[in-house]
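Report on the following structure.
Letters go in sequence order (proteins before strands), and every chain restarts at 1.
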Number of protein chains: 2
Amino acid sequence: MTKANNDRQFRPVAVPDVELGGFWGKWQDAVCNSTAETLLDRCVEAGMLKAVDVSQPSPGVVIPIQPWGGTTQMFWDSDLGKSIETIAYSLYRRPNPKLEARADEIIDMYEKLQDEDGYLNAWFQRVEPNRRWTNLRDHHELYCAGHLMEAAVAYYQATGKRKLLDIMCRYADYMIKIFGHGEGQISGYCGHEEVELALVKLARVTGEKKYLDLSKYFIDERGTEPHFFTAEASRDGRNVSEYHQKTYEYAQAHQPVRAQTKVVGHAVRAMYLYSGMADIATEYKDDSLTAALETLWDDLTTKQMYITGGIGPAASNEGFTDYYDLPNATAYAETCASVGLVFWASRMLGRGPDRRYADIMEQALYNGALPGLSTDGKTFFYDNPLESAGKHHRWKWHHCPCCPPNIARLVTSIGSYMYAVADNEIAVHLYGESTARLKLANGANVELEQVTNYPWEGAVAFTTRLERPARFALSLRIPDWAEGATLSINGTMLDLNANMQDGYIRIDREWADGDRVALYLPLSLRPQYANPKVRQDAGRVALMRGPLVYCVETTDNGEDLNAIVLPRELPAAETVVLKDLNDAVALDLQVEREETSNWGTPLYRKAPAERQVATARFVPYHLWDNRAPGEMLVWVQSDK
Amino acid sequence: MTKANNDRQFRPVAVPDVELGGFWGKWQDAVCNSTAETLLDRCVEAGMLKAVDVSQPSPGVVIPIQPWGGTTQMFWDSDLGKSIETIAYSLYRRPNPKLEARADEIIDMYEKLQDEDGYLNAWFQRVEPNRRWTNLRDHHELYCAGHLMEAAVAYYQATGKRKLLDIMCRYADYMIKIFGHGEGQISGYCGHEEVELALVKLARVTGEKKYLDLSKYFIDERGTEPHFFTAEASRDGRNVSEYHQKTYEYAQAHQPVRAQTKVVGHAVRAMYLYSGMADIATEYKDDSLTAALETLWDDLTTKQMYITGGIGPAASNEGFTDYYDLPNATAYAETCASVGLVFWASRMLGRGPDRRYADIMEQALYNGALPGLSTDGKTFFYDNPLESAGKHHRWKWHHCPCCPPNIARLVTSIGSYMYAVADNEIAVHLYGESTARLKLANGANVELEQVTNYPWEGAVAFTTRLERPARFALSLRIPDWAEGATLSINGTMLDLNANMQDGYIRIDREWADGDRVALYLPLSLRPQYANPKVRQDAGRVALMRGPLVYCVETTDNGEDLNAIVLPRELPAAETVVLKDLNDAVALDLQVEREETSNWGTPLYRKAPAERQVATARFVPYHLWDNRAPGEMLVWVQSDK
């Protein structure tokens, strides 16, 4: 396996350029049929429109100020932004004039709300007008702006309507004026990263490098001394030593970003920052940023990540704790954080395909992010424990509703994570039934058909559709877990080992219309053991099949799931397709079970429980709590 | 094993009547040398004397009102009460005129503070004088009174000084006037139980049945409908539906006490209530109370108790959650709750010796309560997890300082839990080097010498000291774990099985001066497995020796304690006496250890960790965190 140069610049394809079927098609349908409208309904119910609509009196403080000095009401712009972004993506798949009209109406409100100078923020224009730019550390102003920018780009690409894009360009132009090191400028950045990656999207869609420069400014400035947050607090009359989060690690602002080596603080913030850094690394070919990101990547994925790709185990800081501290029942593992990990991983592919990133992107996508949405698109998980005693269930909504639109926008834009293009190279990072329309630098228009029942089955067939033959490289990821994978081009087998580059098979050739690439990824059942430093997984094993983590649920297996013991030598699993669960492949395994019924009265005794042979059904973790409620467990007891 | 009648009334012997040596003598010395004075110093530093001293201005609200509508400052009387109680017990063992003078000074302050009508409460006399008796549910008024009553009884017994006793009798007399069903009386009870058991102590030392009747009134009244807390809240203009604890289960006031079958709510409250109920059951021979308590006892000890005798797993309600929910690393298991369990268990022995209660009393004493105090008597545990990743350490003090004086008063009064007398019967519930002076109904003065190195060794030798021969029954507990126990009287072996009654050997005979009873309790190492319904202990084993739970610590075993695997067939343990740890007996066992050093980079992999043979040292759990800080673990991996 050789290492490619990293001077290429892969950028995601636009969402409308990929049509999804199969596995992801169903999930997108759930969002189109249900989630997209639900998001907007919930925003309206929460009173968010009144906050934006200048024709109505300001609602004032609806959600009281919390001990940290702010309120989640300050993020309402971001909730609306992510909802509009989701609606935009949903409109690609399924036109919905009524929903589009509702989005248009909100965009009109934002147009009327925007200040002459370009500033735009419902809270700081209508509730605390004198507090603009006084507390970047806590008050999410640029974060809100970033989400509205992402919405603007998506809505423009979906509908061709420029209004929100123009609004956000005006706002960004205003930011360029007021942020910087010049006289009277603010030399700061947002406590909650987001605007960095959003400005890159804005730059890419408008072709305006100035937005990249602003993004890079925020990244370069972060964590430098004298510290902006300290100076700002002092100006604002706040006592720095009373900072509710104790350390700037919370916002990854404890050091300049290039000096950071440990993933710390609030998990979503960290992921959004690293995403922006990776974008800037790609756009500027910035090796110092890439080097820092590689270190952080290893830190996260080898010491701080659940097997689900869930990250940030603690509720207290919504983030990271100590190395190898991965409690299962109390895992916070916020849906947004895994969505953010998908964002980051996808952007680490900007300088060239590398399965080191794409494998984790897939793992976090299926097992960390996707559990956040129910199969019907109507209910949501915010935190994602790997064990439940039966009381953890999906929410209709959440007091901080960041996760529902985050997983919804990811699901509906998943095509742009599957395919990326750099000059005359196409990379396929993720597999799934789809058709991609890709434009290369040499002018070729490539339509790539992917036919597969992945992730349930391992056969993936690509067919090229070309007006005329064209030379380009097609890079296909061979996941690290896919032992025994095979690949043929028009029926001729390729030696994978000889053609592997960073875990991708790179096929650089003259392609013709109707060329066929047949990839086979064996989905054999894999036991997974954690590094013994992860105390919470000691003596336990998890099961994976392909990219999917499996779990046991009460509805299939009765109560007391911790009484299930998997043999050290895994027995063959019988696969069963569950019609009532999105045609998921379940796995039936012969296990042993500790008897709970004949234990007797005492809570503790000298003899361990007796065991009986039993069958246990494992189902994909991302689908848990979609049927009858009950216990759930990922890491089951392993025989020793 | 036969069952005895339960019409006897065993009452604890007075604390001064037992002198301790050996194991408990050392712990009492630590309290006398250090804790007793420390408690008072900390109370003074917190400003508690200013709150009581009417010659100084009221300190006002020092600790701000919390969201639950009160402040821990409202409990300051209880902190002072428990400190005075501890000082009193310490004075039995070691006269300390300076410390006694400090206690006298505080008692003088309370005398001056007391209202003419008898009312006494530093908060409601000096900070919120208009709020007296307006919120019994939350404001701990009777709870504070109860602790001052316990202090009064102890101080009177220790010094012969009646001042505090008289003060508290006046207060109790006042309570008798204002609580009841008569016109203008309050038909209520305290949200935090305590006064019930305190009134029994007051009654026993004064011989006044009226105090028993008031205690019984509070117990009988609890949880009846129409509900006092609801009526009180309504009178006080509070919204009942906004009760911070949601349910009256929090204070065991959801049902009349005789109808309660499940141990619920705040753990310390529950234990104090059941203690008072058991006292009243003994004093009134109340079979309906005893029946309820037996049900609650089984509920607690077979479904909700850590192997340490720790109870109340959750911090959120400082109490109980679901059956079999016993998380180890996050165990709340407050020291006070296990102290309370010792209280309750000892009182369940009031109607006759029964090892069902005494075994648990011993288990909770050594493993649930005693960890709360460091060997030097200077630092304290509030919560007692059974696993620590290395960050849980003893406190110098705590923002709610209920635990330090609670464990200190238990340690210094432990003699009264070891021996109890009913008419002409003596029961020995606990073993430990000591001399007890016991007065029987037939006028005999029995001095019972107990010579033993228990709990480190299992030989216990009793010698009677009598002026003249006397007939009485001596009941000695044979713990359920003591398989192969033997007993001889003046060298003649007794058939234990033929003489066992409720787990005690009852020797009813004419005793002469110098009679010797030799008891031998084999302290063999016992593996302990939890009911498989306890998911947190699945695949794990704990070790006990005699009454002691053992654990592993980093200081003996390095890091990554969860990598230790105990063989299914326990190897013989080598015992080692640790001079630097109170001469504790440690156990060295051959185990296997998962290798953490050669695992490699990935966090998860297909092959489990390799193992090596190693020696692990287990030390008594109650002594953990007395040496170099590090990880700790009770439930280690068990080979299957």
Specify which of B/Glu559, B/Lys391, B/Glu592, B/Glu631 makes the most heavy-atom pairs with chain A at under 4.5 Å. B/Lys391
Applying salt bridge (Lys or Arg N to Asp or Glu O under 4.0 Å), name anything that partners A/Glu483, two or more places apart in sequence or on another chain. B/Lys606
Return the option, out of B/Leu603, B/Thr330, B/Asp560, B/Val541, with the maximum number of heavy-atom pairs under 4.5 Å with chain A. B/Leu603
Pick one of side chain, backbone, both or neither for A/Val534, based on which atoms fall under 4.5 Å of a heavy atom in chain B. side chain
Would you mind checking if B/Glu387 and A/Arg535 are paired as a salt bridge, meaning a charged N to carboxylate O distance below 4.0 Å? yes
Among residues 523-533 of chain A, which residues come closer than 4.5 Å to chain B, judged by heavy atom distances? A/Arg526, A/Pro527, A/Gln528, A/Tyr529, A/Ala530, A/Asn531, A/Pro532, A/Lys533
Surrounding CD of A/Gln66 (heavy atoms of other residues, nucleotides or ligands, distance under 6.0 Å), is the total greater than 12? yes
Non-hydrogen contacts under 4.5 angstrom with chain B: give the residues of residues 295-306 of chain A involved, or none if there are none. A/Thr301, A/Thr302, A/Lys303, A/Gln304, A/Met305, A/Tyr306
Checking heavy atoms, do the side chain of A/Asp322, its backbone, both or neither come under 4.5 Å from chain B? side chain
Using a cut-off of 6.0 Å, state whether more than 12 heavy atoms not belonging to A/Glu595 lie near its atom CD. yes
Among B/Ile307, B/Leu633, B/Asp537, which has the most heavy-atom pairs under 4.5 Å with chain A? B/Ile307
B/Ala607 versus chain A, heavy atoms under 4.5 Å apart: side chain, backbone, both or neither? backbone
Taking every heavy-atom pair that is under 4.5 Å apart, which of A/Ala389, A/Ala329, A/Pro327, A/Pro602 has the most such pairs with chain B? A/Ala389
For B/Trp481 and A/Tyr604, I'd like to know if the aromatic rings sit close, meaning centre-to-centre distance below 6.0 Å. no
Can you name the residues that form a ring pair (Phe, Tyr, Trp, His ring centres under 6.0 Å) with B/Tyr324, not counting sequence neighbours? none
